[in-house]
Amino acid sequence: MLAVTKALREDKDFSELLSRIEYGGCPLVYSGLGAVHMAAAAAAVRRETGRTVILICSDELLAERMRGDVAALTQEEALLLTSREFTFFSADTVSRRGEQARLQVLHSLSSDSCAVLIATPDALMQRTLPPKRLSECTFTLKQGASLSIQ
């Protein structure tokens, strides 16, 4: 990865991108790259700036592949924000796994513990809890500890 980062540092357009990020020119749109090149550029931006990088992919299949590529290149966890699955009928057996994963990603974003976020436009446009409310509703369970349920 260091060779890719070094090569990108020497690229005029990439240097301009880093300069804009450093001086508050965000959000930025960087397009025209193939998936593997976008992953390498995102990893280099993360490495050079230390800031959270958000990649928007056209669909969830591409987003899932991008998450793996970016995580491998950055050696950090890349989070995937998926769109909500709506259930329009009463069902006691509906899985809440997707909702829980989405809430975990939103919590990571609101607590500044997200290195790279991969998302689709659909996922980003869906309404969710305000960060303050999400933080108020978050708690950690620890083995052996007691929790008062009211």
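Just so it is clear, the model here is predicted, and its values are computed rather than measured. For reference, positions follow the sequence shown, starting with 1.
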Is there a path of hydrophobic side-chain contacts, each under 4.5 Å between heavy atoms, that joins [X] and [Y]?
X    : Y    : answer
V36  : L80  : no
V53  : I21  : yes
L124 : V116 : no
M38  : I118 : yes
V105 : L134 : yes

[X] versus [Y]: any side-chain heavy-atom pair under 4.5 Å?
X    : Y    : value
I56  : T120 : no
S110 : H107 : yes
L17  : V45  : yes

Quick one: does any side-chain atom of S108 pair with a main-chain N or O of Q104 as donor and acceptor, under 3.5 Å? yes

### Message
Using a 3.5 Å distance criterion without hydrogens, assess whether the side chain of R51 forms a donor-acceptor pair with backbone atoms of R46.
### Response
no

Look up atom [atom1] in [X] and atom [atom2] in [Y], then write down how far apart they are to the nearest 0.5 Å.
X    : Y    : atom1 : atom2 : result
S15  : E10  : OG    : CD    : 9.0 Å
L81  : L103 : CG    : CG    : 10.0 Å
T128 : E99  : OG1   : CD    : 10.0 Å

* E22: partners by side chain to side chain contact (heavy atoms under 4.5 Å, CB included), with sequence neighbours left out ->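 Applying side chain to side chain contact (heavy atoms under 4.5 Å, CB included) to E22 gives none.
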
Exercise. Which residues satisfy the side chain to side chain contact (heavy atoms under 4.5 Å, CB included) test with A71, sequence neighbours excluded?
Worked result: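 Only A78 meet the side chain to side chain contact (heavy atoms under 4.5 Å, CB included) criterion with A71.
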
For the residue pair [X] and [Y], what are the closest heavy atoms and their distance?
X   : Y   : result
A41 : L8  : CA-CD1, 4.0 Å
L55 : A42 : CD1-CB, 3.6 Å
R67 : L79 : CD-C, 4.2 Å
M66 : C57 : CB-SG, 4.1 Å

| message | Using a strict threshold of under 4.0 Å (side-chain N to carboxylate O), is an ion pair present between K12 and E16? | response |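 Between K12 and E16 there is no salt bridge, as every charged N stays at least 4.0 Å from the carboxylate O atoms.
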
Residues at least two apart in sequence or cross-chain that pass salt bridge (Lys or Arg N to Asp or Glu O under 4.0 Å) with E48, listed by chain then number, are R9

Can you sort out the partners of R133 under salt bridge (Lys or Arg N to Asp or Glu O under 4.0 Å), two or more places apart, ordered by chain and number?
->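 R133 satisfies salt bridge (Lys or Arg N to Asp or Glu O under 4.0 Å) with E136 once adjacent residues are dropped.
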
Run L129 and L106 through side chain to side chain contact (heavy atoms under 4.5 Å, CB included) and show every step you take. CA-CA 9 Å; L129 293 169; L106 293 170; over 6 Å; no

Are R47 and T74 close enough, and set up right, to give a side chain to side chain contact (heavy atoms under 4.5 Å, CB included), and what steps lead you there? CA-CA 7 Å; R47 181 181 304 270; T74 61; over 6 Å; no

Checking side chain to side chain contact (heavy atoms under 4.5 Å, CB included) for the pair L61/R65: CA distance, chi angles, key distance, verdict? CA-CA 6 Å; L61 181 62; R65 283 194 318 241; 4.1 Å; yes

Could you tabulate the donor-acceptor pairs under 3.5 Å formed by side-chain atoms of residues 140-149, not counting sequence neighbours?
none

Here the salt bridge (charged side-chain N to carboxylate O under 4.0 Å, His left out) pairs for residues 101-129, sequence neighbours left out, are none

